[in-house]
Amino acid sequence: MSAGASNPEYVNARVRSRRASLFSDEDYRKLIRMGPSEIARFMEETEYEREINALGSRFSGVDLIEYALNRNLAKHFDDMLDWADGRLYDLIARYLRKFDVWNLKTIIRGIYTDSDAEAIQTDLIRAGDLEDRTIDRLLEVDTIEDAIEVLYGTIYYDPLSEAYEEYEETGALVPLENALDRAFFEHLLEDVTRSFGYEPSEGPEALYVEFLQAEIDFRNARNALRLARSGADLDPASYYIEGGVLFDESELSRLVGNYDELVDHIAENKRYGDRLSAALDRLRDADSLIQFEHALDAALLEYADTLSSIYPTSVSAVLSYILAKEREVENIRAIARGREVGLTESEIEEELVIL
Amino acid sequence: MAKDVKPTRKNLMEIEDRIELSERGHGTLEKKRDGLIMEFMDILDKAQDVRGDLADDYEDAQKTINMARAMEGDVAVRGAAAALQEHPEITTESKNIMGVVVPQIESSRVSKSLDQRGYGIMGTSARIDEAAEAYEDLLESIILAAEVETAMKKMLREIETTKRRVNALEFKLLPDLYDSQEYIEQKLEEQEREETFRLKKIKDKKEQEERAEREAKDDVEETRAAATGDTAGTESEEMGQSTAGGVPGGD
């Protein structure tokens, strides 16, 4: 797959046209005033037409919207992997593995709860690096052990095999799910220098690395704050993801015990402090992580957007599109679900992350 | 009712015993009722608080799950829920409040820490945590409400039964017993009066008879005395009289 020369110009040109068809602010303003059925109808006249029509006979209401969004997302990201070659493919695929992780988690949870393959299949987002054939085989197995065997040869096999022992002891899915998430984050930055052939200090590659570091840092910050707040007796080190610049392992372990110090540590960071200062103030006052996570999402999106405008024909622009598309899907889903459950327009608007 | 009783002294004594027992029972039941009402008032206050909390918790839980479903997607929320391994358990014991057996519900594994919820921490968000937490709180409120409200209902039923018993004693049984007692007493008094009157009558009659007898006797004696004193003088008169009287048709 990764053989051959990289083709960022071609992929960027195609991504740019896709980016143009993303929903605008004006579209969101319209959507916020619509009910779930109207949103589905509206989507039928846009880029989501094919998915809405294909799923329209099986689902209705917000479920239809959610499944159509997921399928559309998978189609777009799959297309990108089809277009990309060489190093660019590697760089995109390693980010899109998060959907593999999502799918594997969904399948494992399905096996755990004895759900039928059909039900599991509808919840999958086939946008990752794993081949469809592998996923189809996974849907046929009956035990988690067999599922891990099917994954032999992938980056998930070793961590899952290790975590399986713990799963057998405790009977809880936590070790398996954490192993999958860890596999994703640790492979994000792994070999990135080898992939570039040098340690990037400036240029699009450096920004790409910076973006991935931000993703890891934000994940670490989120988890550290959640652990600190929950008061659960958990080893913070086991939730630490290497590769970020915000914490090192010992720092994180120390800070989890002291919530205020942890917040101060994030605020004092040169790279993220200013960007997150408003969110951190709110975190101190309201003690709600949700707003903070919200701010992290917005900061990440802003990051990616900067990347795409600085180096328009690099992998950063593709990543920026991936994030923007993901955000669009999340926003539409938020509007539809929000309207379904009776949230007010202003409540929904508050929750949307629009650049 | 009172007319059904035989007005005998034995019945009267029985009724008096029953009255004594009923009055004692009435007093005890009244005390029990008042005690139960006081306990009930305490439970009622608690139940009102619990109800209020339950409504708040429910609203809160709905809000957080709605938010989680909106922002994370239904699939993610369902997935996180599916990962739950240990389901909450409840055990019930009973407690005695003034003779009323009320349940005491103990719950375990309702509130869980982050690592006990089953879903991986790295790949999920605080929204799912908050929804899970809100539902755990809701479940605890439901369990508490179940305990308090069952106790309240049982107390209420007991109060009603006791009140009915008190009222039955106060307005039905005791008045009936008093009526019967009065009826028997009156009847017995009446019987006594009748008896006295009858005895008096008998005595009068007897005296009358005796008097009559005595008078008759006196007359006979008088006659006899007279007869012995004037035998010659009166013989012809007597004869004439007796003829005149004895043979009315002899003229």
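The figures that follow rest on heavy atoms only: side chains count, while hydrogens, waters and symmetry mates do not. Letters A, B, ... are given to chains in the order of the sequence lines, protein chains preceding strands, and every chain is numbered from 1. Computed from a predicted structure; not experimentally measured.
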**Student:** Atom CG of A:L31 and atom OH of A:Y28: how far apart are they, to the nearest 0.5 Å?
**Tutor:** 8.0 Å
**Student:** In terms of heavy-atom proximity below 4.5 Å to chain A, should B:R78 be classed as side chain, backbone, both, or neither?
**Tutor:**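 Interface part for B:R78: side chain.
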**Student:** With a 4.0 Å cut-off, would you call A:E326 and A:K98 a salt bridge?
**Tutor:**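 Result for this pair is yes, salt bridge flagged.
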**Student:** Look at B:A80, B:S125, B:A82 and state which one has the largest set of heavy-atom pairs under 4.5 Å with chain A.
**Tutor:**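 Max contact count across the listed options: B:S125.
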**Student:** Of the listed residues (A:V329, A:L225, A:T170, A:V341), which shares the most heavy-atom pairs with chain B below a 4.5 Å separation?
**Tutor:**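 Counting heavy-atom pairs under 4.5 Å, the top option is A:V341.
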**Student:** Which region of B:E72, side chain (C-beta onward) or backbone (N, CA, C, O), has a non-hydrogen atom less than 4.5 Å from a non-hydrogen atom of chain A, or is it both or neither?
**Tutor:** backbone
**Student:** Just wondering, are more than 12 heavy atoms of other shown residues or ligands nearer than 6.0 Å to CD in A:E242?
**Tutor:**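 Atom CD in A:E242 is not crowded, with 12 or fewer foreign heavy atoms closer than 6.0 Å.
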**Student:** Does B:Y58 OH have over 12 foreign heavy atoms under 6.0 Å away?
**Tutor:** no
**Student:** Is B:K172 paired with B:D176 through a side-chain N to carboxylate O contact shorter than 4.0 Å?
**Tutor:**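 The answer is yes: the pair qualifies as a salt bridge.
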**Student:** Given a strict heavy-atom distance threshold of 4.5 Å, which part of A:L343 is in contact with chain B: side chain, backbone, both, or neither?
**Tutor:** side chain
**Student:** For B:K32, does the NZ atom sit with more than 12 other heavy atoms under 6.0 Å from it, leaving out its own atoms?
**Tutor:**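 Yes, because the 6.0 Å sphere around NZ of B:K32 holds more than 12 heavy atoms from other groups.
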**Student:** What part of A:F184 gets closer than 4.5 Å to chain B, counting heavy atoms only: side chain, backbone, both or neither?
**Tutor:** neither
**Student:** Checking heavy atoms, do the side chain of B:D129, its backbone, both or neither come under 4.5 Å from chain A?
**Tutor:** side chain
**Student:** Is A:E293 salt-bridged to A:R222, going by a charged N under 4.0 Å from an acidic O?
**Tutor:** yes
**Student:** Can you list the residues of residues 143-157 of chain B that sit under 4.5 Å from chain A, counting heavy atoms only?
**Tutor:**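 Not one residue of residues 143-157 of chain B has a heavy atom under 4.5 Å from chain A.
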**Student:** So which part of A:R339 gets closer than 4.5 Å to some heavy atom of chain B, the side chain, the backbone, both or neither?
**Tutor:**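 Contact with chain B: none, neither part.
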**Student:** Going by an N to O cut-off under 4.0 Å, is there a salt bridge joining A:D63 and A:R337?
**Tutor:**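 A:R337 and A:D63: salt-bridged.
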**Student:** What part of A:I241 lies closer than 4.5 angstrom to a heavy atom of chain B: side chain, backbone, both or neither?
**Tutor:**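 Interface part for A:I241: side chain.
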**Student:** Select one option (side chain, backbone, both, neither) describing which atoms of A:T106 are under 4.5 Å from chain B's heavy atoms.
**Tutor:** neither
**Student:** State whether B:R127 and B:E130 are salt-bridged, where the test is any N-O pair (Lys NZ or Arg NE/NH1/NH2 against Asp/Glu carboxylate O) under 4.0 Å.
**Tutor:** no
**Student:** Does B:E194 have more than 12 heavy atoms from other residues, nucleotides or ligands lying within 6.0 Å of its CD?
**Tutor:**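 Yes, because the 6.0 Å sphere around CD of B:E194 holds more than 12 heavy atoms from other groups.
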**Student:** Looking at A:R219 and A:E215, is there a salt bridge between them, counting it only when a charged N and a carboxylate O are closer than 4.0 Å?
**Tutor:**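 No, no charged N to carboxylate O under 4.0 Å.
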